[in-house]
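First comes the structure, then the notes that go with it.
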Protein chains: 2
Amino acid sequence: MKLTEAKNKFIQAWGTLGSEWGINRTMAQIHALLLISPEALSAEDIMEQLSISRGNTNMNLRSLMDWGIVYKELVQGERREFFVAEKDILKVARQITKERRKRELEPVLKLFTELNELEGGSKVEVEEFKKVTGDIKDLTLRVDDLLEKFSKSDENWFYKILVQMMK
Amino acid sequence: MKLTEAKNKFIQAWGTLGSEWGINRTMAQIHALLLISPEALSAEDIMEQLSISRGNTNMNLRSLMDWGIVYKELVQGERREFFVAEKDILKVARQITKERRKRELEPVLKLFTELNELEGGSKVEVEEFKKVTGDIKDLTLRVDDLLEKFSKSDENWFYKILVQMMK
DNA sequence: AAAAAGGTTCAGAAATAATTGAAAGTATGA
DNA sequence: TCATACTTTCAATTATTTCTGAACCTTTTT
């Protein structure tokens with residue numbers, strides 16, 4: 001396989017995976033492009049390589065920076081801005097975990113806490129409701145806790161876990 | 001809070017969470033409705049409660065069954081079909097994990113294995129490409145492994161992990 | 001102070017995904 | 001065998017998400 005072909009396949013696949021997990025395709029593709037680029041790229045470079053508009057590039061780069069997985073890089077004597085992706089994949093995974101936790105899990109958790117205050121414990125319907133939402137809340141808290149630990153973990157986290165799981 | 005209000009909030013929230021994670025809103029809402037219903041519901045019931053069409057209901061119920069988190073229930077002497085959701089939330093989580101692994105992670109893993117066979121190890125670009133895709137592949141394998149274990153795990157998996165992580 | 005070189009914004013256009021509803025399919029039982 | 005009571009399918013419509021590009025900023029250079 002040639003480099004160009006491999007690159008394209010990677011960018012494509014990353015875009016698909018992104019959109020399957022609720023991240024917009026272009027954002028994931030820009031991320032992919034930056035990940036495999038040894039040099040920082042300008043907005044212009046990205047526009048050209050992915051054939052996308054200036055506005056699209058700009059907005060998605062901003063999102064990627066909001067997620068904390070792409071950084072702006074200023075080069076001495078250069079007026080334009082360059083962008084680099086965080087190359088440490090574990091860091092990337094931790095960062096994404098942290099953000100989704102904050103953005104998406106926490107609001108749901110908050111709601112569930114409210115829902116559990118539902119009064120009138122007698123009817124079957126109320127019982128069932130409380131049970132299910134309570135269970136979901138408990139599981140979410142556990143996942144949340146696990147993810148929090150992961151997001152603060154070091155290199156060896158995985159190994160430790162896996163070793164323990166073998167026992 | 002009244003039951004009806006709580007129900008609606010839950011259904012709404014589950015739908016939102018679903019669409020943030022790449023699952024269509026209606027499918028998640030049907031799932032939510034079934035989760036909190038003490039009785040099995042007919043397609044008709046679901047259509048009415050969520051104000052959606054017959055076709056939509058049917059297709060999303062089928063998807064939920066494909067995911068293995070909703071079952072068809074046939075009632076003696078009743079011609080129409082009823083549906084129940086798996087109420088064991090851990091089972092639901094395991095099942096979703098298993099499916100997404102199979103549907104979304106495995107194809108990417110396969111591609112990455114191919115990409116790593118890229119020849120021409122000299123150029124910086126090729127090196128970088130191999131490094132990044134290799135790293136992603138390794139992490140994906142590890143996550144995949146962890147998720148596989150999770151998807152086959154028992155009730156106490158979480159506790160075991162958490163206890164180990166405290167050490 | 002005007003022009004140049006870049007960066008940002010956002011209303012409308014385009015692309016994608018979800019939904020409807022009516023027609024077709026399937027079993028049941030009178 | 002035919003009517004009834006459902007379920008399934010899918011082309012057309014509708015809703016949602018994403019993208020474009022031109023106008024508008026902001027900073028630097030001449």
Side-chain angles (χ1 to χ4, degrees), chain A residues 11-34 40-67 70-84 100 103-104, chain B residues 11-34 40-67 70-84 100 103-104:
Chain A
I11 291 169
Q12 191 54 48
W14 209 234
T16 303
L17 196 60
S19 60
E20 284 168 346
W21 287 82
I23 282 144
N24 111 33
R25 177 182 260 80
T26 305
M27 183 170 148
Q29 288 180 340
I30 294 177
H31 185 224
L33 179 62
L34 288 174
L41 299 181
S42 67
E44 206 84 22
D45 295 333
I46 295 167
M47 285 169 60
E48 276 170 23
Q49 297 211 43
L50 300 179
S51 315
I52 57 177
S53 73
R54 183 172 298 286
N56 196 6
T57 306
N58 184 278
M59 285 168 95
N60 281 301
L61 276 172
R62 178 141 35 72
S63 294
L64 285 164
M65 290 188 290
D66 288 346
W67 278 80
V70 162
Y71 316 120
K72 204 175 264 190
E73 198 173 271
L74 296 175
V75 175
Q76 265 288 2
E78 264 285 6
R79 191 141 149 204
R80 58 214 157 122
E81 299 170 332
F82 291 84
F83 301 89
V84 272
R100 297 203 85 153
R103 297 177 189 200
E104 295 155 12
Chain B
I11 291 169
Q12 192 51 49
W14 209 236
T16 303
L17 196 61
S19 62
E20 285 168 346
W21 287 82
I23 282 144
N24 113 31
R25 178 183 261 80
T26 304
M27 183 171 149
Q29 288 180 340
I30 295 177
H31 185 224
L33 178 61
L34 290 174
L41 299 180
S42 68
E44 205 84 23
D45 295 333
I46 295 167
M47 284 169 60
E48 277 170 21
Q49 296 210 43
L50 300 179
S51 315
I52 56 176
S53 74
R54 186 171 298 285
N56 196 5
T57 306
N58 185 276
M59 285 169 95
N60 282 302
L61 276 172
R62 178 142 34 71
S63 294
L64 285 164
M65 290 188 290
D66 288 347
W67 278 79
V70 162
Y71 317 120
K72 204 176 263 191
E73 199 174 88
L74 295 175
V75 175
Q76 266 287 3
E78 265 285 8
R79 193 137 149 205
R80 67 218 146 115
E81 298 170 332
F82 292 83
F83 301 89
V84 272
R100 297 203 85 151
R103 298 178 188 198
E104 295 154 14

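Atom set for the values below is all heavy atoms of this structure, side chains included, hydrogens, waters and symmetry mates excluded. Since we're looking at a predicted model, the values are computed, not measured.
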Side chain to side chain, [X] and [Y], heavy atoms closer than 4.5 Å:
X: B:Ile30; Y: B:Val70; value: no
X: B:Leu41; Y: B:Glu48; value: no
X: A:Glu73; Y: A:Tyr71; value: no
X: A:Gln12; Y: A:Thr16; value: yes
X: B:Met27; Y: B:Trp67; value: yes

Among A:Asp45, A:Thr57, A:Leu34, A:Leu64, whose side-chain contact (heavy atoms from CB on, under 4.5 Å) with A:Phe83 holds?
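Testing A:Phe83 for a side-chain contact (heavy atoms from CB on, under 4.5 Å) against A:Asp45, A:Thr57, A:Leu34, A:Leu64 leaves exactly one candidate, A:Leu34.
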From [atom1] of [X] over to [atom2] of [N], roughly how many Å is that when rounded to an integer?
X: B:Arg80; N: C:dT28; atom1: CZ; atom2: C1'; result: 15 Å
X: A:Asn60; N: C:dG7; atom1: CG; atom2: P; result: 16 Å
X: A:Asn56; N: C:dC10; atom1: CG; atom2: C1'; result: 13 Å
X: B:Leu61; N: C:dA18; atom1: CG; atom2: C1'; result: 16 Å
X: A:Arg62; N: C:dG6; atom1: CZ; atom2: P; result: 20 Å
X: B:Lys72; N: D:dC6; atom1: NZ; atom2: C1'; result: 11 Å
X: A:Phe82; N: C:dG7; atom1: CZ; atom2: C1'; result: 14 Å
X: A:Met59; N: C:dT8; atom1: CE; atom2: C1'; result: 9 Å

Please evaluate the base of C:dA27 for a donor-acceptor partner in the side chain of B:Arg79 within a cut-off of under 3.5 Å?
yes
Is there a residue in residues 41-55 of chain A whose heavy atoms reach under 4.0 Å of DNA chain D, and which residues are they?
A:Ser51, A:Ile52, A:Ser53, A:Gly55
Heavy atom of residues 22-33 of chain A under 4.0 Å from DNA chain D: which residues?
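Heavy-atom cutoff 4.0 Å gives A:Asn24, A:Thr26.
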For B:Arg80 against B:Ser42, the heavy-atom pair lying closest together
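Distance-wise, the nearest heavy atoms are NH1-OG, 3.8 Å.
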Between B:Trp21 and A:Trp21, what is the ring plane arrangement, given parallel below 30°, perpendicular above 60°, and tilted in between?
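Aromatic pair B:Trp21/A:Trp21 classed perpendicular.
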Give a yes or no on whether the backbone of A:Asn56 and the side-chain of A:Asn60 come within a donor-acceptor separation of less than 3.5 Å.
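Answer holds: yes.
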Looking at D:dT7, I'd like to know if its phosphate oxygens (OP1 or OP2) sit under 4.0 Å from a side-chain N or O belonging to B:Asn58.
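So the side chain of B:Asn58 is outside the cut-off, no N or O lying under 4.0 Å from OP1 or OP2 of D:dT7.
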